[in-house]
Structure formats: C-alpha cells, structure tokens
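Written below as structure tokens is the structure these notes are about.
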Amino acid sequence: MRIPNLTFVYDRKGQATKDRPAVVELRISEGRMRKYISTGLNLLPKE
C-alpha cells in the first residue's frame with residue numbers, strides 16, 4: 001500500500017477575483033485516486 005500524498009490547493013475551480021475569495025482545499029491522492037476536503041478557509045488572491 002502506498003503512502004497518500006497531501007497537498008493544499010487554492011482556487012481549484014478558478015473562481016477567485018480581486019473582490020471574491022476562493023476556498024483552500026486539502027487534496028489527498030494515492031495512485032490515480034484523488035479526494036478533496038474543504039478546510040473552511042476562504043482567501044482573497046492577495047492574502
């Protein structure tokens with residue numbers, strides 16, 4: 001069994017603008033499987 005890879009992803013869906021925040025998500029991947037879990041953080045691009 002492989003060790004899962006953990007990565008933080010910002011604005012995965014490309015919806016952030018100067019005035020609109022985007023979600024920070026945790027991506028868990030193992031082989032070809034990927035699972036996204038929301039962290040509940042909403043950040044603007046300059047934060």
**Request:** Can you spot which of N42, L43, V9, D11 makes a side chain to side chain contact (heavy atoms under 4.5 Å, CB included) with V23?
**Result:** N42
**Request:** Before accepting this row, confirm whether a basic side-chain N of the pair R12/E25 lies closer than 4.0 Å to the acidic partner's carboxylate O.
**Result:**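 Looking at E25 together with R12, the answer is yes, because their closest N to O distance falls below 4.0 Å.
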**Prompt:** So which residues get pulled into I3's cluster when ILVMFWY side chains under 4.5 Å apart are joined, directly or through others?
**Reply:**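 Under the 4.5 Å side-chain rule, I3 groups with nothing.
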**Asked** Is there a side-chain contact between Q15 and R20 (heavy atoms, below 4.5 Å)?
**Response** yes
**Request:** State plainly whether one hydrophobic cluster holds both L6 and Y36, where clusters connect Ile, Leu, Val, Met, Phe, Trp and Tyr through side-chain heavy atoms under 4.5 angstrom apart.
**Result:**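 No, L6 does not connect to Y36 through the hydrophobic network.
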**Asked** Are I37 and Y10 in one and the same hydrophobic cluster, where Ile, Leu, Val, Met, Phe, Trp and Tyr link if side-chain heavy atoms are under 4.5 Å apart?
**Response** yes
**Item:** Distance, nearest 0.5 Å, that separates CZ of R27 from CG of N5
**Value:** 7.5 Å
**Message:** Using 0.5 Å steps for rounding, measure from the OG1 atom of T7 to the CD1 atom of I28.
**Reply:** 9.5 Å
